[in-house]
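Before any comments, here is the structure.
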Amino acid sequence: MDRFRMLFQHLQSSSESVMNGICLLLAAVTVKMYSSFDFNCPCLARYNALYGLGLLLTPPLALFLCGLLVNRQSVVMVEEWRRPAGHRKKDLGIIRYMCSSVLQRALAAPLVWILLALLDGKCFVCAFSNSVDPEKFLDFANMTPSQVQLFLAKVPCKEDEMVKDSPARKAVSRYLRCLSQAIGWSITLLLIVVAFLARCLRPCFDQTVFLQRRYWSNYVDLEQKLFDETCCEHARDFAHRCVLHFFSSMQSELRAFGLRRDPAGGISESQEPPEPPEDLDGGSGKAHLRAISSREQVDHLLSTWYSRKPPLDLTASPRLWGPGLNHRAPVAAPGTKLCHQVDV
């Protein structure tokens, strides 16, 4: 389980190579899913369009949400957008850069599905077979409007007895399939042109702003990951301190009542005075916990970090932004009274 969690955290990292690999993997899974999918149109006038458009748009929506889910920067972007300004100003350019980066990777697999569906043409034929103008085809001249609508609804089902070996069905199916492939190739060409222009025109603009946005986007992501790691370590140490404090208090109460455990395993009375309580840190030297002794103090530190993040200025005094979670706080001298907050 630990290995799986480490692998998942590695896949959620902000490395561009890992995220690009995940996008390619989703695109490959999309191609495999579509090739193995058995398409069956209902061939009913009321449900053809619903089924065809649903199959054309619903899987891309699910793949888009999966792309957002596996991308760590999507959550970091929303947190950065919603956080209070505090001592650190928010840069909308960083949020826009993160948003564009997340969308570019999340849209890869949905676009692959849509292009495959359009180039194949089955979904398009099923969805728009009832929308074809009968006047474009000569074979519908001797049919009533109700017969025409019923015939068009049966066009995707070539094995149906009503349209089997019918030249009109082949003509309508060929027309819709060609239109679907034309739309698919047009979208492909448009995406290639847009990518080409974006690649060629990027050096023409100021690269300084782009590098700044990229740097601070990576900084926000790394800061969030380091904060999560620090919180895990801090919570583990605080839980260890609480457990030691509980057992130390229990032993102190036993000594206060004059009870001790005899070698035979029973509890007997003792007239020995209670010994002083042991060090709650167990000699581990957790300096960052010497000023924290209650849940309220931890909650105060976390709320302070959320509402008043420190400014990005290493030369500023640490007291400007209040307390925080610091594992390198100075060790308190023996006998010093614990305070209720600690400075970063």
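Residue indices begin at 1 and follow the sequence shown. If you're wondering where the values come from, they're calculated on a predicted model, not measured in any experiment. No hydrogens, no waters, no symmetry mates; every other heavy atom, side chains included, goes into these values.
- Leu150 and Leu176 fall within a single hydrophobic cluster, where Ile, Leu, Val, Met, Phe, Trp and Tyr side chains are chained together by heavy-atom contacts under 4.5 Å.
- Considering CD of Glu80 and CG of Asp221, their distance stands at 11.0 Å, rounded to 0.5 Å.
- In this structure, the side chain of Ser129 does not engage the main chain of Ala153 through any donor-acceptor pair within 3.5 Å.
- Checking side-chain atoms of Thr58 against main-chain N and O of Leu55 turns up no donor-acceptor pair under 3.5 Å.
- When the side chains of ILVMFWY residues are joined at heavy-atom separations under 4.5 Å, either directly or via intervening members, Phe39 and Val125 end up in two distinct hydrophobic clusters.
- Here OG1 of Thr30 is found 4.5 Å from CG of Leu63. Values are rounded to the nearest 0.5 Å.
- Residue Phe247 places its CZ atom among 12 or fewer non-hydrogen atoms of other residues, nucleotides or ligands, all under 6.0 Å distant.
- Looking at heavy atoms from C-beta onward, Val132 lies in side-chain contact with Phe137 at the 4.5 angstrom threshold.
- Of the inter-residue distances, the one linking Cys231 atom SG with Arg236 atom CZ reads 12.0 Å to the nearest 0.5 angstrom.
- Within the 4.5 Å cutoff, no side-chain heavy atoms of Phe124 are placed close to those of Leu119.
- Ring geometry for Trp113 versus Tyr34: interplanar angle over 60°, hence perpendicular rather than tilted (30 to 60°).
- When atom types are taken as modelled, the side chain of Lys309 and the backbone of Gly86 share no donor-acceptor pair closer than 3.5 angstrom.
- Annotation: Tyr215, atom OH; neighbour count of heavy atoms from other residues, nucleotides and ligands within 6.0 Å does not exceed 12.
- Between the side chain of Ser248 and the backbone N or O of Leu244, no donor-acceptor pair lies under 3.5 Å.
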Show your working on side-chain contact (heavy atoms from CB on, under 4.5 Å) between Gln73 and Asn218 and close with a plain yes or no. CA-CA 9 Å; Gln73 281 194 338; Asn218 293 331; 4.1 Å; yes

Show your working on side-chain contact (heavy atoms from CB on, under 4.5 Å) between Glu79 and Val220 and close with a plain yes or no. CA-CA 10 Å; Glu79 292 179 353; Val220 172; over 6 Å; no

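- Thr304 contributes a side-chain N or O that, together with a main-chain N or O of His300, makes up a donor-acceptor pair within less than 3.5 Å.
- The six-membered or imidazole ring of Phe128 lies away from that of Tyr175, with a centre-to-centre distance of 6.0 Å or more.
- Judged by distance alone, with hydrogens and angles left aside, the side-chain atoms of Ser217 form no donor-acceptor pair with the main-chain N or O of Ile94 at under 3.5 Å.
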side-chain contact (heavy atoms from CB on, under 4.5 Å) evaluation trace for Leu222 with Lys225: CA-CA 5 Å; Leu222 291 174; Lys225 288 191 293 186; 3.7 Å; yes

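- To the nearest 0.5 Å, atom CG of residue Asp120 and atom CG of residue Leu56 are 11.0 Å apart.
- Of the possible polar contacts, none joining the Ser173 side chain to the Arg169 backbone as a donor-acceptor pair under 3.5 Å is found.
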Taking it one step at a time, do Ser100 and Arg96 satisfy side chain to side chain donor-acceptor pair (under 3.5 Å)? CA-CA 6 Å; Ser100 63; Arg96 287 194 298 267; over 6 Å; no

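- Between Ile114 atom CD1 and Leu107 atom CG the span is 9.0 Å, to the nearest 0.5 Å.
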I would like to know whether Cys41 and Asn48 meet side-chain contact (heavy atoms from CB on, under 4.5 Å); could you show each step before the answer? CA-CA 7 Å; Cys41 186; Asn48 280 6; 3.6 Å; yes

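- Between Trp216 and Tyr219, the two ring planes are perpendicular [angle over 60°; tilted spans 30° to 60°].
- In this structure, Ser186 and Ala182 approach most closely via the heavy-atom pair OG-O, 2.7 Å.
- The 12-atom threshold is not exceeded at OH of Tyr47, counting heavy atoms of other residues, nucleotides or ligands nearer than 6.0 Å.
- At distances below 3.5 Å, not a single donor-acceptor pair connects side-chain atoms of Gln149 with backbone N or O atoms of Thr144.
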